[in-house]
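Below is one structure, written out as structure tokens, with a few remarks after it.
All ligand and atom numbering here is 1-based and tracks the order in the structure. Side chains included, hydrogens not; waters and symmetry mates left out as well; all remaining heavy atoms used.
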Amino acid sequence: MYKLITFKQIGRIEIGFLSFFESNQNIPFEIKRIYYTYYVPVGTKRGGHAHRELNQLLWCPYGKINVILDDGKGKKEFLLNSPEKGLLVGKGIWHDMYWIKENSVLCVAASDYYDESDYIRDYNNFLKLVKEGYWKDENKL
Ligand code: TYD
């Protein structure tokens, strides 16, 4: 499952804006970890994996990052170019991120602690798991 969401924006042009999200309120999981990626040269591709169980929310507080999501049946592209946009990326979604603008920052709120064994980094293995129905009951997240 994946979904683009728009955060509430509080403020006005003269003083700036504030956005927020909360576990189990506007994002459908408990946050256990926050991480962020920065100083990434323009043109770089990162990601290149899916997760067995991890659910994540991606947002770009500054810059322009193109995210390609793939559920094993089709691909969809999302441009994160505004601090009020968030992209929910559920378990079982292959994701690639492309840095479009210098100094873009990608922030991620994740549903669990870092665990390398939760990663699927081989695309053929990912497709095999999709075919086997590994995430077949994961329509919600
Ligand atoms: P990775 O998730 O592959 O980054 P990206 O999707 O941006 O390409 O992680 C890069 C490296 O950082 C990898 O060696 C795992 C490590 N890492 C941690 O140690 N803790 C974390 O919370 C994350 C997200 C990654």
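- The residue H51 has no part lying near ligand 1, judged by heavy-atom distances below 4.0 Å.
- Contact annotation for atom 12 (O) of ligand 1: protein absent (non-hydrogen atoms, distance under 4.0 Å).
- The ring of Y114 has its center no closer than 6.0 angstrom to the ring center of Y35.
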- Item | salt bridge (Lys or Arg N to Asp or Glu O under 4.0 Å) between R121 and E116, intermediate numbers included | CA-CA 10 Å; R121 294 190 185 273; E116 186 59 38; 2.8 Å; yes
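- Near Y35, the atoms of ligand 1 lying under 4.0 angstrom from a non-hydrogen atom of the residue are 24 (C).
- Heavy-atom proximity to H49, at under 4.0 Å, picks out these atoms of ligand 1: 2 (O), 3 (O), 6 (O).
- Residue T37 has no N or O atom closer than 3.5 Å to an N or O atom of ligand 1.
- Summarising the geometry of S19 relative to Q9, their closest heavy-atom pair is OG-CG, 3.7 Å, with the distance given to 0.1 Å.
- Ring orientation note: the planes of H49 and H51 are nearly perpendicular, at an angle over 60° on the 30°/60° scale.
- Polar contact check, G47 against ligand 1: a nitrogen or oxygen pair lies under 3.5 Å apart.
- Between Y119 and ligand 1, at least one pair of N/O atoms sits closer than 3.5 Å.
- Taking 4.0 Å as the cut-off, H95 does not count as a neighbour of ligand 1 on heavy-atom distance.
- Close N/O approach between E116 and ligand 1 is not found [any backbone or side-chain N/O within under 3.5 Å].
- In terms of polar-atom proximity, defined here as any N/O pair under 3.5 Å, R46 does make such a contact with ligand 1.
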- Task: Output, in order, the C-alpha distance, side-chain angles, deciding distance and verdict of salt bridge (Lys or Arg N to Asp or Glu O under 4.0 Å) for D112 and K32.
- Result: CA-CA 5 Å; D112 215 334; K32 283 199 180 159; 3.6 Å; yes
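- Residues L106 and W99 approach most closely at CB-CZ2, 3.7 Å, considering heavy atoms.
- Screening L79, L87, L80, I100 against C60 for a side-chain contact (heavy atoms from CB on, under 4.5 Å) leaves a single residue, L80.
- In terms of hydrophobic clustering, with Ile, Leu, Val, Met, Phe, Trp and Tyr side chains grouped at heavy-atom distances under 4.5 Å, F29 and W59 are assigned to a common cluster.
- Under the 4.0 angstrom criterion, atom 21 (C) of ligand 1 counts as having a protein heavy-atom contact.
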